[in-house]
Asker: 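Handing you a structure now.
When a residue number appears, it is its place in the shown sequence, counting from 1. Order of appearance sets the numbers: ligands from 1, and atoms from 1 within every ligand.
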Amino acid sequence: MQIVSGGVSDVGRLRSNNEDSFRILEPLNLFILSDGMGGEAHGEVASALAVDTIAKYCSEPKEDSGVTLLDGAPSQWSENTKRLQNAVRQANAAIFESAQNNSEQRGMGATITAAWADDSRLSLAHVGDSRAYLLRSGTLQQLTNDHSLVAEQVRRGIITPQQAETSEMQSVLLRALGAHPEVDIDIDEVAIFPRDTLLLCSDGLTRMLTEPEIAGALQAETNPSVAAQKLVDLANENGGLDNVTVIVASFREPPKSWLSWMRRGSAKKD
Ligand code: CA
């Protein structure tokens, strides 16, 4: 599978600093997005630590990673999925320890939504209320569950999705990296097909745009970098009340180089 991607992060129209971080590791087809929280500029510290730790862990040669692969992981999970889960555990520990050792960082934390694509499979690791979506045949499917108070209340039928959208409790997270020495990580594997589009985003996008608006923007633009910028622009046009970060990755058929080679070969004979 050929994968083309782009990402954009923007401070938005209200905030003075950007606490989101993202990283695209193109050679690995690894996509990482984190939304930090904490007083002063410590949300930025937390999200940068999350992204850096995961990028570093997943980039290291397997035999040098120094950490045994996960206890308790279902054996059918791919090596990438297990490594991604380990990487997120390390990111959690890095933020927690940094906050323990630096009193001004107390209370800082971060969301994480990371996706690692191999040929036909996407490994996902997720904590918090950033999101991963897959656009397939015009349908936008959310791949992650928000670990927020309002999302939990919706799941339990206590409030409606409409009430959740206007709730003052929207930013209350039930899970985040850095809050405790260990964290419960949502792990998943999803089959991917040519013409699928992956979207990772912070809540600064999903609070400013409806899902039909997001799907429409993704369908209207095939260049992932341009699509990411358009989504960020739309979030800012709709208010830009929060930092907004978007990663878009398009999965495509690999170029049929053998076919063009055969055509060239037959043309020579003529
Ligand atoms: Ca946010």
Asker: Closer than 3.0 Å to the Ca ion (ligand 1), how many protein N/O/S atoms do you count?
Answerer: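 That number is 3, waters not included.
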Asker: Check S5 against I24 and note the closest heavy-atom contact, atom names and distance.
Answerer: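 Distance-wise, the nearest heavy atoms are OG-CG2, 3.5 Å.
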Asker: Could you tell me whether the side chains of Q105 and S98 share a donor-acceptor contact shorter than 3.5 Å?
Answerer: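 There is such a pair (donor and acceptor under 3.5 Å, judged by atom type) between the side chains of Q105 and S98.
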Asker: With a 4.0 Å cut-off on N to O distance, would you call K56 and E60 a salt bridge?
Answerer: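 Salt bridge between K56 and E60, a charged N being under 4.0 Å from a carboxylate O: yes.
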Asker: Looking at D186 and R175, does any basic side-chain N land under 4.0 Å from a carboxylate oxygen?
Answerer: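 Salt bridge: yes.
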Asker: Could you tell me if S34 and S47 have a donor-acceptor pair between their side chains, going purely by distance under 3.5 Å?
Answerer: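 Side chains of S47 and S34: no pair found under 3.5 Å.
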Asker: Quick one: which residue pairs count as a side-chain hydrogen bond (donor to acceptor under 3.5 Å, both in side chains) with a foot in residues 218-231, not counting sequence neighbours?
Answerer: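 side-chain hydrogen bond (donor to acceptor under 3.5 Å, both in side chains) check on residues 218-231 returns Q229-D233.
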